[in-house]
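Below is one structure, written out as structure tokens; comments come after it.
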There are 2 protein chains.
Amino acid sequence: MAERLSKAVAAAERQPAPRRTRNKPEERHREFVRKAIELFAEVGFEAGTRELAQRLGVTQPLLYRYFPSKDDLITAVYREIYVNRWKTQWRDGLLDETQPIRDRIIAFYEDYTRTIFTPEWLRIYLFAGLRGVDINHRYAATVEAEVLRPITLATRKSFGLGDGPPAAEEIELFWTLQGGIFYYGVREIVYRFPMAVDRSTMIRNAVDAFLEGVGSVLRRLAESPETAD
Amino acid sequence: MAERLSKAVAAAERQPAPRRTRNKPEERHREFVRKAIELFAEVGFEAGTRELAQRLGVTQPLLYRYFPSKDDLITAVYREIYVNRWKTQWRDGLLDETQPIRDRIIAFYEDYTRTIFTPEWLRIYLFAGLRGVDINHRYAATVEAEVLRPITLATRKSFGLGDGPPAAEEIELFWTLQGGIFYYGVREIVYRFPMAVDRSTMIRNAVDAFLEGVGSVLRRLAESPETAD
DNA sequence: ATGTTAATTTATCAACTGATAATTAATATG
DNA sequence: CATATTAATTATCAGTTGATAAATTAACAT
């Protein structure tokens, strides 16, 4: 399978040295990362540096002038996707009390899924998780601090409940909603299931059912003593 | 001179071939698959056949007496995990009307997560999904037919709603619950997050909130004409 | 033009990959 | 005990991998 491909590649590379024109280092750097994201999303991190070079129309050793090792390239990929694409306005929108809680949560998930429901975001996130890097830990901590805590507090408030720091059990409850929506994306983008319900409808129904039912559980948790610590 | 000596020493020290005793082919086959599951769960499918052979205390070419190719070994691994570990009693339990719907659903997720919340099950499932094999499609079809449809129908009934075939939107609603619980396992087992809430509590809260709120959405869907098709 | 600098290429390494052929030895069978 | 069978080994191949050193050449300053 890979043999035939490599043979074709070898034939193509035997060309009389296309001798690419030079580029500014910064542009190159960004270009490398961009194409690396594309490739890693398709194949995973085992993708060869030669394959990447070929897609860039460049020789393989050149990559090592810009990244000391393949791992450093991978790190740059992480930064680009999971740090640079985070929007601080998500938190702000969730805390904007001029809007009803339902609208705020739905608007957040509409925009959030627009950001992360791409092969690049989701596939590389799962690849990273399986690899055991700490990206996922750091990202989840951000989600909890910037999204789930605000959602929990805002929801509590909308039910007329106290506004102390959210208990672990409360946060976990909203993780279930987050996970349910996230996994819709995994099914659609990663597993490539034919989805019978469109994204917006799914979000609306999930949030409606959740908000309708979460009140009773939150009330119970507010009354019972904190068991989890 | 020194080289010749070291070469002689190396030859002498080259273990006198531990020469494993023979085993029955069937046992070997099962043993290979078992250890392959272990290895693939750890490293992924790029795990080397030599590493596997070493863990089995066996030479690498021997693997090819039992599996024509590495891909055939991987297929055997899939079968073992995702076909052989499926319990038909899950469906039966969900349809057992002598029990309240809440108890049925909680009991199901308790047992189901006991089966799939292992590194082997979850990691290999994600590896397979990223690889683009059809395992995940087939498995999801089973989940939908054997779990989500029964849950949907049973829940509908418990709310005194009609009992026609479930609409896609209804099924999708229960996929959100399924995905939320599934993703708890991914966070715990794959990402290795320190979980602040134990599995049973998470399941109970998630199911309670869901059942409390799902009624209103189901009623709305029952009244409005089928938009999704 | 001329020389300097650095971007890019060529050539190459050692380690590792899945897979095959030939050989050895343990077991069952007569 | 002799012999056939086959489980398991050794040896090896061809291809791929990440990475390094040295040679080349494009761009730019003078």
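Residue numbers start from 1 in every chain, and the chains themselves are labelled A, B, ... in the order their sequence lines are given, proteins ahead of strands.
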Does anything in residues 34-47 of chain B form a side-chain hydrogen bond (donor to acceptor under 3.5 Å, both in side chains)? List the pairs, not counting sequence neighbours. B/E42-B/R55

Can you list the residues that meet the side chain to side chain contact (heavy atoms under 4.5 Å, CB included) rule with B/R192, with sequence neighbours excluded? none

Separation of D/dA11 atom C1' from B/Q60 atom CD, nearest Å, is 12 Å

With a non-hydrogen cut-off below 4.0 angstrom, is A/Y66 in contact with a base, only sugar-phosphate, or nothing? sugar-phosphate

Taking the axis from the first five pairs and the axis from the last five, what angle separates them in the helix from C/dA1-D/dT30 to C/dG30-D/dC1, rounded to 10 degrees? 10°

note: A/Y64, atom OH; D/dT20, atom C1'; distance rounded to Å ~ 10 Å

With DNA chain D as reference, determine whether A/K70 or B/F32 sits nearer its 5' end, using the nearest nucleotide of each. B/F32

Euclidean distance, atom CD of residue A/Q54 to atom C1' of D/dG18 [Å, nearest integer]: 17 Å

Counting side-chain heavy atoms from CB outward, which of D/dT10, C/dG18, C/dT10 is closest to B/R50? C/dG18

What integer distance in Å separates A/L52:CG from D/dT17:C1'? 14 Å

Sequence neighbours excluded, every pair satisfying side-chain hydrogen bond (donor to acceptor under 3.5 Å, both in side chains) that has a member inside residues 115-127 of chain A: A/R85-A/E120

Evaluate ring pair (Phe, Tyr, Trp, His ring centres under 6.0 Å) for A/Y191 paired with B/H137, printing each intermediate quantity in order. CA-CA 7 Å; A/Y191 302 153; B/H137 281 83; 7.8 Å; no

Spacing between A/R65 atom CZ and D/dA23 atom C1', to the nearest angstrom: 13 Å

Does B/L62 reach the side chain of B/R28, with side-chain heavy atoms less than 4.5 Å apart? yes

Set of residues satisfying salt bridge (charged side-chain N to carboxylate O under 4.0 Å, His left out) with respect to B/R199, sequence neighbours excluded: B/E188

Rounded to whole angstrom units, what separation is found between the CZ atom of B/F67 and the C1' atom of C/dA19? 16 Å

Roughly how many Å is it from CG in A/L62 to C1' in D/dT20, rounded to a whole number? 14 Å

D/dA8 OP1/OP2 closer than 4.0 Å to side-chain N/O of B/T59: no

What nucleotide, of D/dT9, C/dC13, C/dA11, holds the atom closest to the side chain of B/V58? D/dT9

Whole angstrom is fine here: how far is it from CD in B/E46 over to P in C/dC16? 16 Å

With sequence neighbours excluded, residues passing salt bridge (charged side-chain N to carboxylate O under 4.0 Å, His left out) with B/D71: B/R131

Measuring to OP1 and OP2 of C/dT8, would you say a side-chain N or O of A/R28 lies under 4.0 angstrom away? yes

By the 4.0 Å heavy-atom rule, please label A/A47 as base, sugar-phosphate, or nothing. sugar-phosphate

